[in-house]
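On a predicted model such as this, the values are computed, not experimentally measured, just so you know. Reminder, nothing fancy here: chain letters follow the sequence lines and each chain counts from 1.
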Protein chains: 2
Amino acid sequence: MAEKSIKKRANLRDVAKASGVSVATVSRVLNTPELVTETTRQAVQAAIEALHFVPSAAARSINSGRSHVIGALVPTLDNAIFSRFLGALEAKLSAHGLSLVVATTDGDPDIEAQKAQRLINIGAEALIVSGITHSPEFDQLITRTRIPTVATSFYEADYRYPTIGYDNAAASRKALEFLIGKGHQDIAVFHGPTEHHDRMRARLSGLHGQGELHTYETEITLAGAGKAIDALFQSSPHITAILCLSDVLALGALFGLQRRNIQVPNDISLIGIDDLPSSASAFPSITTIHLPAFEMGIRTADAVANWVERQIIPEPHLIDTTLIVRQST
Amino acid sequence: MAEKSIKKRANLRDVAKASGVSVATVSRVLNTPELVTETTRQAVQAAIEALHFVPSAAARSINSGRSHVIGALVPTLDNAIFSRFLGALEAKLSAHGLSLVVATTDGDPDIEAQKAQRLINIGAEALIVSGITHSPEFDQLITRTRIPTVATSFYEADYRYPTIGYDNAAASRKALEFLIGKGHQDIAVFHGPTEHHDRMRARLSGLHGQGELHTYETEITLAGAGKAIDALFQSSPHITAILCLSDVLALGALFGLQRRNIQVPNDISLIGIDDLPSSASAFPSITTIHLPAFEMGIRTADAVANWVERQIIPEPHLIDTTLIVRQST
DNA sequence: ATCAAGCATGTAACTAGTTTCATTGATGTG
DNA sequence: CACATCAATGAAACTAGTTACATGCTTGAT
């Protein structure tokens with residue numbers, strides 16, 4: 001009395017048997033229906049419906065050698081700059097017929113290596129990572145498996161993986177020079193954690209040799225910026241401008257200053273880096289360095305698609321950043 | 001002279017041949033190394049290294065019947081509420097040994113159906129969708145393939161898929177009642193597009209029968225809220241409070257009001273829904289209805305993991321929302 | 001010394017598709 | 001009427017793993 005509903009998913013053979021044709025014909029109905037007679041096609045389709053047949057993705061990709069899956073490793077989804085990047089990436093990959101698996105690393109190179117392994121285990125055809133700080137395990141994994149890998153958010157011509165990103169040091173330098181050009185001399189710098197965080201370090205390094213700066217490290221959240229404001233006013237309240245190495249910090253700083261009833265830009269000028277939508281809409285709107293995260297997503301998607309589809313290894317690509325002057329300076 | 005480097009990826013048979021053992025032994029080295037002698041294990045490992053052997057994910061999952069991939073369909077990544085949800089979802093799924101494929105739908109049910117098909121094609125074991133508005137094609141797809149599917153951001157006990165989410169109508173009602181309780185009578189409502197957007201519609205429906213409201217539809221961005229503020233001041237500038245059916249709109253409205261030099265909460269009170277980090281940090285901080293997107297992500301991950309791993313179909317789950325009173329009211 | 005037990009390993013049959021090559025039958029042409 | 005051509009289909013050999021079962025060998029107990 002073994003009910004046939006107890007049986008698991010129907011496969012090609014089941015459909016073939018049910019419709020009285022060979023497995024080859026069923027396969028043709030699915031992939032090249034124009035090679036099959038109308039009559040048999042309908043019979044096979046009927047059997048497919050009746051048996052609730054769904055072709056196995058695994059069996060297909062074992063033959064094609066393709067999974068159509070791309071893996072992306074990002075520190076977090078909680079920062080709008082990564083969301084924008086991933087949004088563009090997903091949209092363009094999808095246009096190329098590829099799907100995006102997202103893994104977050106919390107900025108930890110060890111977690112990155114683990115999750116990279118998992119992405120490879122599920123059959124990802126290529127990996128996309130953020131920045132250039134990676135664990136030796138990660139690098140070994142990429143070398144061993146030879147999986148196509150692109151590093152983003154960072155530009156370095158001769159890096160071990162092709163990079164698609166901006167010059168983080170130049171971006172922060174651009175911001176600092178703008179402030180100095182405006183006559184500011186006492187400048188505070190708000191930045192995020194530097195451990196494992198190459199982009200933040202690069203942005204900090206872009207500020208070297210430009211006179212003395214008061215730096216404050218905090219987590220990259222609105223609340224973190226608020227704490228930095230508190231710390232700032234306990235130590236050197238004589239500054240005239242704050243350079244935030246992330247727009248999240250800039251917006252948080254703006255709120256923190258407003259809370260203390262300090263006028264921006266009259267009392268203190270404020271500049272950020274990223275150009276998140278919030279910087280354009282805030283009041284006062286926030287001067288910032290535009291990082292084209294959207295464009296980076298599109299370009300990365302194209303580069304990866306060309307790599308996995310046509311074996312074209314992408315050239316490193318430097319994406320321009322531009323100063324957007326708004327009301328906060 | 002056919003170079004062996006021309007040959008493609010090594011497989012189990014190649015490794016077996018190179019190390020002089022059978023394929024079964026190689027498989028054991030990979031999966032149950034304790035069953036293999038130290039000596040042979042090392043020989044096999046050496047061959048694996050030499051040949052750059054990477055096991056095929058497809059071949060593995062054809063045997064196990066598992067892909068360890070879960071697909072999520074969200075309208076956009078550009079709204080922090082979805083980023084938070086996905087962040088929590090990914091983290092918890094990862095703890096269950098599952099990977100997350102993200103597909104964005106732009107809120108379009110047809111795109112959703114297409115992308116759902118693609119997720120199934122790549123072998124996703126389950127789908128997670130937002131809301132309860134889906135195209136007939138989508139529903140047919142789910143019925144036909146019988147793929148485990150969970151609907152989030154929405155609670156409805158008897159929906160065709162298990163839902164894990166909040167009562168959107170109750171959330172907005174809670175916000176409105178709070179304003180009314182505070183004595184407000186002339187209230188504007190800012191909301192996002194309602195087409196295909198069940199959550200927004202539900203939130204609007206929660207406001208019915210509570211007196212006359214001035215509603216303004218705009219896109220859910222900071223800039224969109226700015227436009228709504230403009231529209232508001234062209235029509236009914238006598239309102240005393242604005243109820244925003246999304247915190248993004250609330251923050252945008254705050255900026256818009258500040259730009260017009262209108263004091264919040266003295267001139268106009270402001271309340272939102274979502275409780276994004278920005279609402280807590282803004283100045284003035286914004287009263288809102290807390291939607292536990294993070295908790296929703298965790299719960300959804302657990303539900304889906306139990307479904308695909310132990311065939312336990314999740315019960316619909318209503319997640320509580322809470323009013324967070326801050327400075328803007 | 002003999003037999004059972006147990007470990008390490010191999011053989012071959014699975015998993016579920018695609019694809020090549022062969023076969024069949026119908027049609028068209030000389 | 002004979003033969004070539006072509007469309008539709010099938011048989012079987014692939015893709016790359018896992019695993020049930022069989023085998024050979026070593027070891028320990030009687």
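Atom CG in B/L12 sits about 15 Å away from atom P in C/dT11, given to the nearest Å. Per the geometry, CG belonging to A/D14 stands 8 Å off P belonging to C/dA16, to the nearest Å. As a whole-Å value, the separation of B/N121 CG from C/dT18 P is 11 Å.
Within a heavy-atom distance below 4.0 Å of DNA chain D, no residue of residues 33-42 of chain B is found. Shown for residues 60-70 of chain A: residues whose heavy atoms fall under 4.0 angstrom of DNA chain C, namely A/R60, A/N63.
Nucleic acid contact for A/V29: none, since no nucleic acid atom lies under 4.0 Å from a heavy atom of the residue. Nucleic acid contact class of B/G123 (heavy atoms, under 4.0 Å, all strands): none.
The listed nucleotides are D/dG17, D/dC21, C/dG17; the one nearest the side chain of B/R28 is D/dC21. Here C/dT18 is the nucleotide among C/dG10, C/dT18, D/dG10 with the atom lying nearest to any side-chain atom of A/R13.
Put simply, B/S56 has no side-chain N or O that comes within less than 4.0 Å of OP1 or OP2 on D/dA16. Taking side-chain N and O atoms only, A/T25 has a distance below 4.0 Å to OP1 or OP2 of D/dG10. A sub-4.0 Å separation between OP1 or OP2 of D/dT18 and a side-chain N or O of B/S27 is present. The phosphate of C/dT18 (OP1 or OP2) has a side-chain N or O of A/N31 nearer than 4.0 angstrom.
Residue B/L12 is tested with B/S56, B/P55, B/S27 for a side chain to side chain contact (heavy atoms under 4.5 Å, CB included); the sole match is B/S27. Of the options B/L73, B/T105, B/T133, B/D110, a side chain to side chain contact (heavy atoms under 4.5 Å, CB included) to B/F138 is made by B/L73 and by none of the others.
For the pair B/A59 and B/A24, nearest-nucleotide mapping onto DNA chain C gives the more 5' position to B/A24.
Residues B/F154 and B/R199 have side chains in contact (heavy-atom distance under 4.5 Å, counting atoms from C-beta outward).
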